Amino acid sequence: MAAAGGGFEDPSPDVLAQAAAAFGLLASPARLHIVWALARGESDVTGLAERVGGALPAVSQHLTKLKLAGLVRSRREGRRQVYYVDDPDIVEVVHLLVDRLSDRAAPARHRLHGL
């Protein structure tokens, strides 16, 4: 790993590829909403579809992709498959980004209401 201008080590190509893959999956608004919802609490696919406003088959496909990437896990409860985010780092990144963007959007909404 080469040292950057500030003396920090650059991440390995493998780490960068993994990070890019995770960000790529989260680049979909639907998948990001699903991870956001699951970060707030576990749910089955029906509950997620209702919460994020998506069709059941589409939400199921998104969950499959997130699960294959290791961003979401599931467990069986009787006949239901319950999904959850088991990676506190992913939860932290999603919360940080969404919260910051929400905070930035709030003043703009207040300005628009004053027009």
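Worth saying up front: this structure is predicted, and the values here are computed from it rather than measured.
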Inset, instruction - Scan residues 84-96 for pairs that pass salt bridge (Lys or Arg N to Asp or Glu O under 4.0 Å), counting only residues two or more places apart or in two chains. - result: Arg73-Asp86

Inset, instruction - Report yes if some heavy atom in the side chain of Lys67 is under 4.5 Å from a heavy atom in the side chain of Ser74; otherwise report no. - result: yes

Inset, instruction - Please examine the side chains of His95 and Arg100, heavy atoms only from C-beta on, and report whether any two atoms are closer than 4.5 Å. - result: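 Result no, sub-4.5 Å side-chain heavy-atom pair not found.
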
Inset, instruction - Just grab all the side chain to side chain donor-acceptor pair (under 3.5 Å) pairs involving residues 16-25, residues at least two apart or on different chains. - result: Asp14-Gln18

Partners meeting side-chain contact (heavy atoms from CB on, under 4.5 Å) with [X] (sequence neighbours left out):
X: Ser28; answer: Ala30, Arg31, His62
X: Leu68; answer: Thr64
X: Val82; answer: Glu42, Arg75, Glu77, Arg80

Inset, instruction - Please round to the nearest 0.5 Å and tell me the distance separating atom OG of Ser60 and atom NZ of Lys65. - result: 11.5 Å

Legend entry - Minimal non-hydrogen separation, Arg76 against Arg79, with atom names: NH1-O, 3.3 Å

Legend entry - Whichever hydrophobic residues join Leu63 through chains of side-chain contacts under 4.5 Å: Leu25, Leu26, Leu32, Ile34, Val35, Trp36, Leu38, Val45, Leu48, Val52, Leu56, Val59, Leu66, Leu71, Val72, Tyr83, Val85, Ile90, Val91, Val94, Val98

